[in-house]
Structures are given as C-alpha cells and as structure tokens.
Protein chains: 2
Amino acid sequence: MTIGIKDVARRAGVSPATVSRVLGHGPVSAELRDRVEAAVRATGYRPNLSARRLRSQHSRTIGLIVSDIRNPFFTALSRAVEDAAYQSDMRVVLCNTDENPEREAMYLRLMQEERITGLIFAPTKATAERLDHTLLDFPVVLVDRAGPPGRHDCVVIDNPLACGALIEHLWEQGYRRIGGIFGNTSSTAVERHEGYRAAMAARGLEADVRFVAPNAEAAEAETARWLRTPGRPEALIGSNGQVLLGMVKALRNAGLGMPDDMGLAGFDNETWTELVGPGLTVVEQPVLDIGRTAMMMLFERLSVPDLQPRKVVLTGRLIVRGSTTRR
Amino acid sequence: MTIGIKDVARRAGVSPATVSRVLGHGPVSAELRDRVEAAVRATGYRPNLSARRLRSQHSRTIGLIVSDIRNPFFTALSRAVEDAAYQSDMRVVLCNTDENPEREAMYLRLMQEERITGLIFAPTKATAERLDHTLLDFPVVLVDRAGPPGRHDCVVIDNPLACGALIEHLWEQGYRRIGGIFGNTSSTAVERHEGYRAAMAARGLEADVRFVAPNAEAAEAETARWLRTPGRPEALIGSNGQVLLGMVKALRNAGLGMPDDMGLAGFDNETWTELVGPGLTVVEQPVLDIGRTAMMMLFERLSVPDLQPRKVVLTGRLIVRGSTTRR
DNA sequence: CTGAAAGCGCTTACAG
DNA sequence: CTGAAAGCGCTTACAG
C-alpha cells in the first residue's frame, strides 16, 4: 500500500542500498543520485522512521519533560529546545507532568521505550532526589531545578542571588514586613525560599512564608486566607509566574492596590506582568539561554560520557515596575 | 547491551512470542504470565517502540500541528488532545508552525514519516486551501480553522455569531465608530472579519479594519499607527488573544484608558484579560470541547473512512468586563 | 561507487 | 495455550 524503498529502487533501476545512501549521506555517483532523486519525487516516497530508527539504532530524538506546559516559562523553554534540536536534525518529544511524580515515572518509562538520545527534564523535588541516571540509558540534563548537589548535569539560575535582589529592592522602597509564597514541589522554590530567608535575616527582618501547590488556584486561595489574617505583610513575593498570578487575583478581589496597599514582586516576566495594574516587579529568567545551554550540555555529555556532573548557573534580571515603587 | 525480549524469554523459560503476548493482550496461562511478569520486573525490560511500531504497522500516534504554541488557546488545546489520547493509549507528537507554510509542509512530511494514525491540525489559510487529504495516508481533522467548505472534517466555533455578539454589545454600550484588527493568516480571522462587517452593516455602521500578522508585536505596531491617525474609532476589537495583547500595550503606551478613551474587546479568554485595567470583554472558546471533539471525529473517521466531511460548529461565550462597559 | 545479504527487536499468522 | 518461523522497512558491514 505505502511506497517502500524497494519500489523507489526498482523505479530508479538501482538497489535499495543505493536509495538509502542517497537519502542518507553515503557515497553515490552523480548519475545514480539523480535517478534516485527523480524516483523519490515521482513516487512521493517517505521513509519509515520507525524502521530507520530500529535499524540504525539511533532515534535522533530529544526528550523534554516539563512540569507545567501552561507556564509560559516552559512554553518558551520548549521552543528554545526545539529550535536547537532541529538545527541538529533531531526531533523532540514533549511531555507535561503537572508536577505529578507518577506522571514523571510514566514519561521516564516512555523515554526509555522511545530509546531517546538524551533528556532535558524539569523534575519535582521528589523525583529529582530519587532519580538515578545510571539506571537510564540516556544522559539527562535538569533544567530550572538542580536536584541534589553534584548528582546531575543541570542548568539553573542563581535563585538565592535573585531573591536577594528582590528583597534588597523592597527594602530600599521602605517595605519591612515582607512575606513570601513558595511552590511546594520544586527545588527551585526551595532555593528561592532560602534566598528569601537569608536576605531577610541579613537585614534583621522576620521571615513569614506560606507553601502552596505551584499553580494559580492554590496561590489565590492561600493569599486570600492570608490577607484576612491580622498583621499581614506590607509586601509579598511569589516564587513563580503562576503563583504570582494567583496572588494578583487575590489582591484584586480583596480590593487592595499596588504598591500602596500591598507591594508585590516575584519570578517570571510573563506578558501579563507588564500589563496588570502599575506593572509587576519581577525577575526575568534567561529562558532561551537555559534551553540552548541544556542542549549543548546534552551534546557534550553524549560525546564525553565520563565527565563530572556539571552545574551551569545563569543569572536572572530584576525588572522594576510600579507594583513595588512607592512615590 | 539493552535487554531485549529474548533475554526476558530466556529468563522466564518461555518463547519470545509468549513474552510478547503477556505484554500485549494475547491468551497466556496464568502460570506463564506470572513467570514472564517476574522476568520483566527482574530485568527492567522496556520494549522498543520503534520495533513494535514497525512490526505491528500501528504507530498509535496522533499528530497535532498548531500555529503558535505561545498562544494559550493552543496550549490548552494540546492538553485536551493529550488527555484524550492517553485515555486511548495513544501518544501525541506536537509541532508548532509559527503560521509559516514552509514549516507546515515540513511537519506534514514528518507526520507521514512517523506513520501517524491521525492528525489534528490548525492550518494557515494558504495551507488549508492547498491541503489534499487524499494524498495523506492518515485522516485529518482541522481545528479552529475550517478551510474550504465541505473539504475537510473540522471543528470550529461560530465566528460570525460571536462577532455579532461582540458588535451588538458594543452597540448597546453606545459605541458607534468600531474598528477591528484581524490576523492575516487564518480562515478564522477571515470569518471573524466577515461577521464583523455583517454586524456593522446591519446597524448602518461603517466598517474600518486593519490586517496584521497574528502576533502581539505586529498588532501593537499597527494599533499605535492607527491611534495616531485622525478620526480614530471609539472602540476596537481584536481577532485573537495575541492580537488583543498587542492592542492593550499600544493603548497603554498612548495613555488611553478603557472603556472611556477607547473600548476594547476581542477573542480568547486568556488569564491576563481578566487582570488588565478594568478587565477585557472577550469571547471565550470552549477549547476543551474543541480538543475532545476533534479526537472523537478522528476516531470516527478511522472506523468509518468513507463518511462525508463533517463540520462541527461549537459556540463561543461572551464575557462582558469593564473594558467596554461605560457607566 | 554499488549490490546482495544480514539483521535491528519486535508481532503475528500458522501449526500443534 | 504455546513455539518456531517469517517479516515489518529500513541500514550497513562486506565483498567486489
């Protein structure tokens, strides 16, 4: 029914091996090459990738497992990874775990079954700790989340530094009672929490935090609760874009304005952060660099498998907007 | 190096065929099944999907080609499609074309090479018109964009109706000079444009439109230009979420407030539309239903290939917010 | 440069 | 219910 390499070969008057060489990069005379190319065009032949992968033992596939595809950070990351992959003639299979360790396990199995070349992975804390890349048949680069020190290749931003910058900025604007809402599934949120604590302690300020599932719904509910309790903070920070989104909704529902009723700042320079109220002060992550770097590390690991695990630390950029700038 | 079905078979003391039957759904005695399952666990065996697909002639793969993965509409669509696919034990390969016909052609080739079971596709106008599904080896369901009447299975919303509702609402709020900015790549934008023209004409109002590449940057530039010309509209509508985003930015840069300096409404109930200024009036698309329906149509088409092309029309929901409600 | 042959790792009639 | 055998559609040593 579908046209195979044999049909093309017959039509071009050559062997299937020659067709294969023309399609790949084997040595073929100009004349045979022309005949084969003509036959491919005439028949509309499309190689069967399953057969090719099976025979060549090379999937030319990068796995990308992210925790929340609704989060624009991961959308942007996936575009960066895909662009880099296609330039190396690889495809990528993208999976979304919803921060759910069971789904992570399922997708790790899938990656094994697809015999992927390498994996870029933003794991939950739980999975990052359990993950043993020696049991996997492919190299892994963690992104956004580092996992236990020295165990995995990873590319992250300097979260303590970024949190320090956030707190310093709020301090300069005169905020003193600064609370924080952090995700409860990622090592990134843990690092940001620690950075927050350190920066507060350095100024003699008291830490005040809540932990939530890192999505807008949970963050909104928690913020609303918090706002109703006495002695609430003068400013809040949120550990990622989705959390921040929920916090904005809660402030709005409570009728609190920024920056005077409440200062607000956090992570991820999503489109809407610029547009809401006086604009939100955020730390922007260099997501394109993160994606590109992850791909490079994967390729390096493939060519030099016995390198030490490496951690690449990039730097976030503080973008100050009206949500924290009192006149 | 990696464990194959033969290794498992040897360990369980059965034939590879029996292992295959245990993993699939062949008839196997309880005793052998237990032995095989134990051997699978002991060895950590993972089947090779390329081999399985090649041999079974069944990829169990749905293709999903969208035009802009940054657009939350398509993010949500892809989640809906994936959920439906995994419930049928299928995987999905997701591709992003950036509204670029060359990339669309490339991904259609890829889909052929992957021997996918079926395709869900949001094509550009150019490709929708050229597309001949009889040349493809798999069924196609178009989503969001219908293409030429009667040619393809598709699921869309009633765009003229939705545009009519938008114009009616603006009319009721006292807006008369209503302009529109529409994307220039999709049949959806064309339909929305026509709906806009009809609704304006029905009220004796004069249409005034601009066409742009359907992304925020182009829409912002075009809106900024428009705002500088004399006799500008009292209200604007935008044909999708990305366009609307650019329009909001332009209004903000020009220092124009909603709803008084300018009314603004459009398509796609993205998270930020609720948060910007007094909230944006939008038409929400039933994106989960669109995804689920597309999957169902694909499965129906697979079981009854010679059905007439069918068009399923769902309905958008008007969400009125402050950007168009004058006191 | 070219072709005949083997084989990647599975599944599935076929026979028992 | 079970196994031996064939074969999915390619690629790649091997020999010439």
Side-chain angles (χ1 to χ4, degrees), chain A residues 1-37 39-40 43-61 89 91 109-117 137, chain B residues 1-37 39-40 43-61 89 91 109-117 137:
Chain A
M1 40 191 278
T2 31
I3 299 119
I5 203 169
K6 282 184 187 167
D7 304 301
V8 178
R10 199 176 309 124
R11 179 156 189 142
V14 300
S15 73
T18 297
V19 176
S20 176
R21 289 190 187 104
V22 169
L23 266 37
H25 18 235
V28 185
S29 69
E31 194 208 325
L32 290 196
R33 182 175 294 274
D34 287 349
R35 269 163 43 199
V36 167
E37 282 170 353
V40 167
T43 55
Y45 167 69
R46 287 286 126 209
N48 181 319
L49 291 185
S50 292
R52 180 176 280 178
R53 290 190 190 113
L54 173 60
R55 177 54 236 239
S56 69
Q57 300 287 78
H58 222 306
S59 68
R60 305 197 71 78
T61 299
D89 194 27
R91 62 162 196 153
R109 270 200 306 278
L110 177 67
M111 295 299 162
Q112 299 257 72
E113 298 183 354
E114 293 280 4
R115 303 295 192 263
I116 61 167
T117 306
D137 300 313
Chain B
M1 41 189 278
T2 31
I3 299 119
I5 202 170
K6 282 185 189 168
D7 304 302
V8 179
R10 198 175 312 122
R11 180 160 190 136
V14 300
S15 73
T18 297
V19 176
S20 176
R21 289 190 186 103
V22 170
L23 267 37
H25 18 236
V28 184
S29 68
E31 194 208 328
L32 290 197
R33 182 176 296 276
D34 287 349
R35 267 161 47 198
V36 168
E37 281 169 355
V40 167
T43 56
Y45 167 70
R46 287 286 125 209
N48 181 320
L49 290 185
S50 292
R52 179 176 280 177
R53 289 187 190 115
L54 173 61
R55 176 55 237 239
S56 69
Q57 299 287 78
H58 223 308
S59 67
R60 305 197 71 79
T61 299
D89 194 27
R91 61 160 197 158
R109 271 199 305 277
L110 177 67
M111 296 299 164
Q112 300 257 73
E113 299 184 352
E114 293 279 4
R115 303 296 191 263
I116 61 168
T117 307
D137 300 313

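We name chains A, B, ... by the order of the sequence lines, and we start the count at 1 in each one. No experiment lies behind these values; they were computed from the predicted model shown.
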Could you check if a side-chain atom of [X] sits within less than 4.5 angstrom of a side-chain atom of [Y], using non-hydrogen atoms only?
{"X": "D137(A)", "Y": "T2(B)", "value": "yes"}
{"X": "T18(B)", "Y": "S15(B)", "value": "yes"}
{"X": "V14(B)", "Y": "V28(B)", "value": "no"}
{"X": "L32(B)", "Y": "V22(B)", "value": "no"}
{"X": "V8(A)", "Y": "R11(A)", "value": "no"}

Considering only [options], which nucleotide approaches the side chain of [X] most closely?
{"X": "N48(B)", "options": "dC10(C), dT12(C), dG3(C)", "result": "dC10(C)"}
{"X": "V28(A)", "options": "dT2(C), dA4(D), dC8(C)", "result": "dT2(C)"}
{"X": "I5(A)", "options": "dC10(C), dC10(D), dT12(D)", "result": "dC10(D)"}
{"X": "L32(A)", "options": "dT2(C), dC1(D), dC8(C)", "result": "dT2(C)"}
{"X": "S15(B)", "options": "dA4(D), dT12(C), dC10(D)", "result": "dA4(D)"}
{"X": "Y45(A)", "options": "dC10(D), dC10(C), dG3(C)", "result": "dC10(D)"}
{"X": "Q57(B)", "options": "dC8(D), dT11(D), dG9(C)", "result": "dC8(D)"}

Option among R53(B), R52(B), R46(B) that satisfies the salt bridge (charged side-chain N to carboxylate O under 4.0 Å, His left out) test with E114(A)
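Exactly one pass, corresponding to R53(B).
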Taking for each residue the nucleotide of DNA chain D with the nearest heavy atom, is it R55(B) or V14(B) whose nucleotide lies nearer the 5' end?
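Of the two residues, V14(B) wins.
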By nearest nucleotide on DNA chain D, pick out whichever of A30(B) and P16(A) is the more 5' one.
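Of the two residues, A30(B) wins.
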Below 4.0 Å: OP1/OP2 of dG3(C) and any side-chain N or O of T18(A)
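Yes, such a contact exists.
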Between S29(B) and dT2(D), is there a contact of a side-chain N or O with OP1 or OP2 at under 4.0 Å?
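Yes, such a contact exists.
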Whole-Å distance between [N] [atom2] and [X] [atom1]?
{"X": "I3(B)", "N": "dC10(C)", "atom1": "CD1", "atom2": "C1'", "answer": "16 Å"}
{"X": "L54(A)", "N": "dT11(C)", "atom1": "CG", "atom2": "C1'", "answer": "12 Å"}
{"X": "K6(B)", "N": "dC8(C)", "atom1": "NZ", "atom2": "P", "answer": "6 Å"}
{"X": "E31(B)", "N": "dT2(D)", "atom1": "CD", "atom2": "C1'", "answer": "12 Å"}
{"X": "L49(A)", "N": "dG9(C)", "atom1": "CG", "atom2": "C1'", "answer": "17 Å"}
{"X": "H25(A)", "N": "dT11(D)", "atom1": "NE2", "atom2": "P", "answer": "10 Å"}
{"X": "R115(A)", "N": "dC10(C)", "atom1": "CZ", "atom2": "C1'", "answer": "11 Å"}
{"X": "R21(A)", "N": "dA13(D)", "atom1": "CZ", "atom2": "C1'", "answer": "10 Å"}

Please determine, for dG16(D), whether a Watson-Crick or G-U wobble partner exists with both distances under 3.5 Å, and give it or none.
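Across any shown strand, dG16(D) pairs with dC1(C).
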Expressed in whole Å, how much space separates the [atom1] atoms belonging to [N] and [M]?
{"N": "dC10(D)", "M": "dC14(D)", "atom1": "P", "value": "24 Å"}
{"N": "dA6(C)", "M": "dT2(C)", "atom1": "P", "value": "23 Å"}
{"N": "dG9(D)", "M": "dA13(D)", "atom1": "P", "value": "23 Å"}

Please determine whether any donor N or O and acceptor N or O are separated by less than 3.5 Å between the side chain of R53(A) and the base of dG9(D).
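Side chain to base: no pair present.
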